[in-house]
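One structure is given here, and the rest of the page talks about it.
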Amino acid sequence: MRAVHAEGTGGPEVLSVREVPDVQPGPGEVAIEVVATAVNRADTLQRQGLYPPPPGASDVIGLECSGRIASLGEGVEGWSVGDEVCALLAGGGYASRVVVPAGQVMPVPDGIDLVSAAALPEVACTVWSNVYMVAGLRPDETFLVHGGAGGIGTFAIQLVSALGSRVLTTGGTPEKRAFCADLGAAVTIDYREEDFVEVAQREEAGGVDVILDNMGAAYLGRNVKALATEGRLVIIGMQGGIKGELNIAALLNKRAAVIATSLRGRPEAGKAAICAAVVEHVWPLVAAGAVRPIIDRVLPLEEVAEAHRVMGEGSHTGKILLTL
Ligand SMILES: NC(=O)c1ccc[n+]([C@@H]2O[C@H](COP(=O)([O-])OP(=O)(O)OC[C@H]3O[C@@H](n4cnc5c(N)ncnc54)[C@H](OP(=O)(O)O)[C@@H]3O)[C@@H](O)[C@H]2O)c1
């Protein structure tokens with residue numbers, strides 16, 4: 001099989017495609033012949049040596065894929081060889097074949113082609129689990145997602161709007177903010193020139209109910225200020241640093257919550273529960289066209305270094321896919 005090899009750690013140039021020994025499914029696992037995979041920000045951190053794979057995971061980069069089932073490990077039921085699927089991975093996606101616990105394999109939503117399906121597992125599982133399972137957003141509540149034009153942001157805007165909540169988002173260029181508005185964001189904020197706290201408080205008297213944050217330390221204080229009474233801040237990224245100062249009095253007065261989560265490090269059973277919830281609650285909205293995969297570009301796996309360069313530069317809107 002072919003897989004992306006990282007020659008040490010460093011810039012995108014350390015990545016290249018090589019022949020490697022085939023992987024075989026163990027008990028409870030499924031082997032997938034990969035048709036497409038997607039680039040995640042975490043992949044660029046892993047390449048730099050800043051985000052090692054969890055114990056037991058493949059050291060090949062890649063957190064999601066789409067493809068066809070190639071073989072089934074002992075005890076796997078409900079899937080057949082040849083089924084078209086997409087999957088949430090702990091690693092190994094940048095390869096022509098990957099093995100994954102059966103609970104993390106999902107059908108391709110109706111109406112979605114097999115390549116585009118690779119754009120869905122990470123964003124659908126991250127947004128559904130954090131916004132609905134963890135933060136419990138209700139349709140009558142308001143929602144702010146930072147970085148609305150990114151992979152997570154483009155999915156969150158569509159899903160949360162489709163489920164009835166009013167969406168605010170931040171974006172770095174007028175083009176990206178216009179794209180977010182087209183996806184359903186009611187309010188778009190220029191994070192370079194505007195104060196999102198001031199805009200959120202002006203637009204939503206009292207602040208927003210749930211914030212999905214990618215910035216970590218840099219936005220911690222301002223996110224707490226932007227929360228409404230009983231608001232929930234869910235931090236999923238650390239693009240703005242890892243250590244911040246929390247104003248406990250502000251949290252206490254609002255009876256607000258700050259939560260941080262990582263999808264990759266969750267136990268298998270937790271990931272399986274999230275995948276099952278996504279298939280139940282999110283796939284019907286994708287099949288109905290209310291939520292669609294937003295794809296910036298599709299490159300062959302051999303151009304993995306270019307794909308990482310584009311993500312590092314941050315000019316993309318939505319997901320960057322790699323095909324085999
Ligand atoms: N914890 C988890 O389980 C989990 C799972 C998946 C993803 N994540 C994290 O979620 C974040 C987004 O992932 P992604 O795949 O969507 O990456 P992405 O496509 O590269 O998006 C990154 C976003 O960050 C935005 N951004 C940059 N500087 C900003 C600032 N100062 N204020 C507000 N937004 C800013 C960018 O906005 P512009 O393009 O407008 O500049 C862009 O939309 C990453 O930090 C990733 O690591 C976490």
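Every value quoted in this text rests on a predicted model; they were computed, and no experiment measured them. Computed from heavy atoms alone, side chains included, the values below leave out hydrogens, waters and symmetry copies. One-based numbering, in listed order, for ligands and for the atoms of each.
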Check your understanding: What part of T126, side chain from CB on, backbone N/CA/C/O, both or neither, has a heavy atom under 4.0 Å from ligand 1?
Key -> side chain
Point to revise | Structural part of R264 in contact with ligand 1, heavy atom criterion under 4.0 angstrom | key: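 Neither; no heavy atom under 4.0 Å.
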Using a 3.5 Å cut-off on N or O atoms only, is [X] in polar contact with ligand 1?
X: N214; answer: yes
X: H146; answer: no
X: S262; answer: no
X: H316; answer: yes
X: I236; answer: yes
X: G150; answer: yes
X: L263; answer: yes
X: I152; answer: yes
X: A42; answer: no
X: G151; answer: yes

Does [X] pair with [Y] as a salt bridge, N-O distance under 4.0 Å?
X: D195; Y: R222; value: yes
X: R41; Y: E122; value: no
X: R297; Y: E303; value: no
X: E194; Y: R177; value: no

For [atom], what is the closest protein heavy atom, and at what distance to 0.1 Å?
atom: atom 35 (C) of ligand 1; answer: Y191 CE2, 3.6 Å
atom: atom 30 (C) of ligand 1; answer: Y219 OH, 3.3 Å
atom: atom 47 (O) of ligand 1; answer: R41 CB, 3.9 Å
atom: atom 45 (O) of ligand 1; answer: Q239 OE1, 2.8 Å

Exercise for review: Determine, using heavy atoms of K319 and all atoms of ligand 1, whether some pair is separated by less than 4.0 Å.
Suggested key: no
Review point. Considering the options N40, T154, V39, which one meets the side chain to side chain contact (heavy atoms under 4.5 Å, CB included) requirement together with K319?
Key: N40
Run the numbers for me: atoms of ligand 1, each under 4.0 Å from some heavy atom of [X], listed by number.
X: T261; value: 1 (N), 2 (C)
X: E122; value: 5 (C), 6 (C)
X: T170; value: 33 (C)
X: G237; value: 45 (O)
X: G171; value: 40 (O)
X: G172; value: 38 (P), 40 (O)
X: K176; value: 38 (P), 39 (O), 40 (O)
X: G147; value: 25 (C), 34 (N), 37 (O), 43 (O)

Would you say [X] and [Y] make side-chain contact, with heavy atoms under 4.5 Å?
X: R255; Y: T229; answer: yes
X: Q46; Y: P53; answer: yes
X: P109; Y: L120; answer: yes
X: Y94; Y: V34; answer: no
X: L137; Y: Y132; answer: yes
X: H281; Y: W128; answer: yes

Check your understanding: Just checking, any donor-acceptor pair under 3.5 angstrom between side chains of D296 and T317?
Key ->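 Note: D296 and T317 side chains miss the donor-acceptor criterion.
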**Study point:** Ring centre gap for H146 and Y219 strictly below 6.0 Å
**Key:**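 Distance test on ring centres: under 6.0 Å, yes.
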Review point. K271 side chain to L88 main-chain N or O, any donor-acceptor pair under 3.5 Å?
Key: no
Point to revise | hydrophobic_cluster_shared for L163 and V123, side chain cutoff 4.5 Å | key: yes
